[in-house]
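What you are looking at is a predicted structure, and each value in this text was computed from that prediction instead of being measured. Nothing fancy with the numbering, it's 1 onward along the sequence. All values below come from the heavy atoms of this structure, side chains included, with hydrogens, waters and symmetry mates left out.
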Amino acid sequence: MRRLILFASLLALLAGCSQSGNWGWYVIDPRTPGGWTNIRFLVSGMGATILISVIAAAISIVLGLLVALPGQSRKRWLRLINRVYVEFVRSIPLLPMLFWVFYGLPIVFRSMGLNIPIDPFWGAVITLAISDSAFTAEIYRSGIQSIARGQSEAAQTIGLNYVQTMRYVILPQAIRRILPPLANQFIYIVKMSAFASVIGMQELTRRANELVVTEYRPLEIYTLLIVEYLILVLIISAGVRWLERKMGSDERI
């Protein structure tokens, strides 16, 4: 009920503001042909944002696991690979990495005799996946280390090797525990996908920027953009809570 009252109050406030000459909420008013066209233009970028985020998150989850496992090894050189990767990737801001992947990586490929162009979509996916994989690796590490050592020892006593122990004993329990932070990383990817707009990717933020240039109403248009991201995050959060209940991740220890 409180949320409904708050939402109604917000609508009333915006409606009152729209009567003033200093406001231009008509640009996103669904009751007018122009407003409805602008809303459709903005919302049409949501598909690209979701697709970028889902693919990048899937790659990040796999890559993060591959980076995390050497960090659990008894061999020092494998642990060193893990630490170097995590610290190096975490230290690079997302925007410079995006520029390097989009503009620099094709040059590296050409120097190797490979003609592999990178379009804005895959430039954004690769950047987000690499950047997030370092954080995902640390989430895996904390989850794996939270499992009692005795379980690994018990698995070895019944003849399971390292891979089998991880697959059948450790990881199933660890994933239940790390599901909430993994969901937070997915939300992080969704929000950081806005950087793809600077290399020309037609996602939510790019569409909003283009509309601002034509309508000259940044406050109103960026307000709708924020609402779009808010809706996406709320949907993701609801889905994660449902998944936590199904997997038992929300059970009290």
Side-chain angles (χ1 to χ4, degrees), residues 1-18 22-32 34-58 60-61 93-95 98 120-121 124-125 127-129 131-132 135-136 139 179-199 201-245 249-250:
M1 178 60 71
R2 290 181 179 179
R3 293 181 180 179
L4 291 176
I5 295 175
L6 180 61
F7 184 66
S9 301
L10 179 60
L11 289 179
L13 176 62
L14 294 180
C17 292
S18 64
N22 297 326
W23 302 86
W25 296 104
Y26 60 86
V27 298
I28 54 172
D29 188 346
R31 296 171 298 180
T32 65
W36 179 243
T37 299
N38 290 338
I39 291 175
R40 290 179 59 187
F41 179 76
L42 283 171
V43 173
S44 64
M46 189 173 292
T49 295
I50 295 174
L51 190 59
I52 289 173
S53 302
V54 170
I55 296 177
S60 173
I61 288 174
L94 185 64
L95 191 56
L98 178 62
F121 177 83
V125 168
T127 302
L128 288 169
S131 178
D132 188 66
F135 298 95
T136 303
I139 293 174
L179 184 59
L182 283 180
N184 288 336
Q185 287 304 117
F186 182 52
I187 292 174
Y188 166 83
I189 289 177
V190 171
K191 295 190 295 183
M192 292 300 103
S193 67
F195 281 107
S197 63
V198 302
I199 58 174
M201 184 62 206
Q202 291 289 327
E203 41 73 65
L204 285 174
T205 303
R206 179 74 177 192
R207 292 295 177 93
N209 291 338
E210 293 180 356
L211 198 56
V212 167
V213 172
T214 59
E215 295 287 354
Y216 304 105
R217 288 293 180 179
L219 172 65
E220 295 82 359
I221 293 170
Y222 287 135
T223 298
L224 179 57
L225 176 65
I226 290 174
V227 171
E228 289 178 307
Y229 278 111
L230 175 62
I231 292 173
L232 271 178
V233 171
L234 290 177
I235 292 174
I236 294 170
S237 299
V240 170
R241 285 194 294 271
W242 175 84
L243 188 58
E244 287 178 1
R245 291 193 296 270
S249 300
D250 60 343

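Expressed to the nearest 0.5 Å, how far CD1 of I221 lies from CH2 of W25 amounts to 10.0 Å. Once rounded to the nearest 0.5 Å, the distance linking CG of N184 with OG of S237 reads 8.0 Å.
In this structure a side-chain-to-backbone donor-acceptor pair under 3.5 Å is missing from S60 to A56. Within the 3.5 Å criterion, the main-chain N or O of A124 finds no donor-acceptor partner in the side chain of T127.
For Y222, the side chain to side chain contact (heavy atoms under 4.5 Å, CB included) partners are A208, N209, V212, P218, L225, not counting sequence neighbours. With sequence neighbours left out, L224 forms a side chain to side chain contact (heavy atoms under 4.5 Å, CB included) with I28, I39, L42. Under the rule for a salt bridge (charged side-chain N to carboxylate O under 4.0 Å, His left out), E215 has no partner lying at least two apart in sequence or in another chain. In terms of the side chain to side chain contact (heavy atoms under 4.5 Å, CB included) criterion, residue partners of A183 (sequence neighbours excluded) are, by chain and number, V240. Shown here are the side chain to side chain donor-acceptor pair (under 3.5 Å) partners of S44, two or more places apart in sequence or in another chain: R207.
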Q | Step-by-step side chain to side chain contact (heavy atoms under 4.5 Å, CB included) determination, D29 to W36 | A | CA-CA 6 Å; D29 188 346; W36 179 243; over 6 Å; no
(Q) What verdict does the side chain to side chain donor-acceptor pair (under 3.5 Å) test give for Y229 and T205, after you've listed the backbone C-alpha separation in whole Å, the side-chain angles of each residue and the deciding distance to 0.1 Å? (A) CA-CA 10 Å; Y229 278 111; T205 303; 3.0 Å; yes
**Q.** side chain to side chain contact (heavy atoms under 4.5 Å, CB included) between L232 and L204, worked out
**A.** CA-CA 11 Å; L232 271 178; L204 285 174; 4.1 Å; yes
**Q.** Derivation and outcome, side chain to side chain contact (heavy atoms under 4.5 Å, CB included), residues L94 and L128
**A.** CA-CA 8 Å; L94 185 64; L128 288 169; 3.9 Å; yes
Q: Under the side chain to side chain contact (heavy atoms under 4.5 Å, CB included) rule, what do R217 and Y26 come out as? Steps first, then yes or no, please.
A: CA-CA 10 Å; R217 288 293 180 179; Y26 60 86; 3.8 Å; yes
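Between R206 and M201, the closest heavy-atom pair is CB-O, 3.0 Å.
By the 4.5 Å heavy-atom criterion applied to side chains, F121 and I55 are counted as neighbours.
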Side-chain donor-acceptor pairs under 3.5 Å in residues 185-199, sequence neighbours left out?
| residue | atom | partner | partner atom | Å |
| --- | --- | --- | --- | --- |
| Q185 | NE2 | D132 | OD1 | 2.4 |
| S193 | OG | V190 | O | 2.5 |
| S197 | OG | A194 | O | 2.8 |

